[in-house]
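Data first, discussion second: the structure below is written as structure tokens.
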Amino acid sequence: MRGCEVSQRSRLWPLAPRDPETSQPRNPVSTEHTISPMWTTIQQFTDIKYERTEDGIAKITINRPEVRNAFRPLTVTEMKQALDLARDDGDIGVVVLTGEGTEAFCSGGDQRVRGKGGYVDPKEKIPRLNILDVQKQIRSMPKPVVAMVAGYAIGGGHVLHVVCDLTIAADNAMFGQVGPRVGSFDGGFGASSLAQLVGLKKAKEIWFLCRRYDARAALDMGLVNAVVPVADLERETIRWCREMLALSPFALRLLKASFHASEDGYAGIQQLAHDANLMFYGTDEAKEGREAFKAKRTPDFSQFPRRA
Ligand code: S0N
């Protein structure tokens with residue numbers, strides 16, 4: 001595990017026992033201490049925080065609360081690095097994406113550094129729309145990514161939660177697109193994935209009218225998975241993450257790839273096929289091909305059944 005002081009994969013915080021009828025914890029008081037996470041900083045960044053729990057949850061926090069967690073090129077570069085770290089860390093099973101504080105998840109691109117062709121880093125001077133790379137990274141991350149949303153998820157910040165696999169919202173969350181108001185639009189995942197989530201008419205309404213939607217409205221239209229009091233947001237998000245950590249990581253990985261396969265076209269099929277290949281590599285049939293090549297002999301595949 002790269003750059004991390006925590007080396008053991010332990011289960012210090014087991015899942016709370018749940019009432020099978022209500023799915024609520026049987027004894028919320030006694031489970032309180034078991035659910036609070038201990039975050040360890042894995043790497044220092046400027047615009048983001050990258051932390052993890054001992055039991056396999058990574059948390060990426062956009063840390064620019066003074067601009068409602070708007071992203072600038074450096075923010076995006078660091079998010080890409082953190083997502084790579086989370087992907088490559090075999091102890092990480094779930095990734096949480098969030099914003100610092102309770103005012104905003106993310107307010108999209110930093111309008112102060114928006115130039116003619118995109119967002120401009122003063123050092124680089126090259127205009128970029130690199131947040132699109134982050135969106136793709138979240139989509140292809142072979143682990144669930146959970147958006148933990150308090151406050152505003154607006155513009156490109158809204159698209160970020162849309163591309164996450166699940167969204168847990170605080171009751172103060174506010175969602176919306178503002179592109180046509182501020183002179184931009186995201187016709188990629190920002191349009192297609194949103195339409196898949198809430199339906200085409202609703203997605204067009206969100207983009208064409210630039211209205212804001214509170215957490216209750218977001219839940220009603222299927223934009224988020226759960227709404228909880230803002231004080232409970234992290235606890236509830238961690239609870240959802242730990243439920244997933246208790247499940248088969250490869251089944252979750254294959255499911256994620258399957259959900260995206262048709263929507264992402266050849267890239268989606270590539271991801272799913274890659275996952276199938278990973279499994280195939282472990283079979284005796286695949287090993288026979290490799291061993292035959294190394295031994296300079298003709299492979300004998302006759303021993304393997306042609307399954308129905
Ligand atoms: C988030 C809002 C609703 C919060 O309102 P609130 O709570 O009243 O706070 P404010 O007083 O408005 O804000 C506090 C301080 O934060 C600054 N600030 C807020 N958001 C931004 C931002 N996005 N960029 C820069 N600064 C921001 C305020 O200026 C204020 O600063 P001070 O204290 O100094 O006055 C409200 O703030 C709001 O509506 N914000 C703007 C939302 C917005 O327009 N976002 C950009 C939308 N566009 C994108 O995200 C583009 C995404 C993108 O990259 C892209 C992707 C695909 C294809 C194309 C693009 C593309 O860029 O074109």
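Ligands are counted one by one from 1 in listed order, and the atoms in each one are counted from 1 as well. Position 1 is the first residue of the sequence; numbering continues from there. It should be emphasised that the depicted structure is a prediction, and the values quoted were computed from it without experimental measurement.
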Q. Any Lys/Arg nitrogen of D84 or R87 sitting under 4.0 Å from an Asp/Glu carboxylate oxygen of the other?
A.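 No.
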Q: Considering only NZ, NE, NH1 and NH2 on the basic side and carboxylate oxygens on the acidic side, decide whether R72 and E78 come within less than 4.0 Å.
A: no
Q: Indicate whether the side chain of Q135 and that of D186 have a donor and an acceptor atom separated by less than 3.5 Å.
A: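 Short answer, yes.
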**Q.** Short side-chain donor-acceptor distance under 3.5 Å, E54 and W39
**A.**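 Checked: W39/E54 side chains show no N/O donor-acceptor pair below 3.5 Å.
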Q.
Using every non-hydrogen atom in the two residues, find where G99 and T61 come nearest and quote the distance to one decimal.
A. C-CG2, 3.6 Å
Q.
Is there a path of hydrophobic side-chain contacts, each under 4.5 Å between heavy atoms of I/L/V/M/F/W/Y residues, joining V67 to V134?
A. no
Q.
Strictly under 4.0 angstrom, heavy-atom based: which residues surround ligand 1?
A.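 Those residues closer than 4.0 Å to ligand 1 by some heavy atom are E66, V67, R68, A70, F71, S107, G108, G109, D110, Q111, Y119, L129, I131, L132, Y152, I154, G155, G156, V178, V182, S184, F185, D186, R212.
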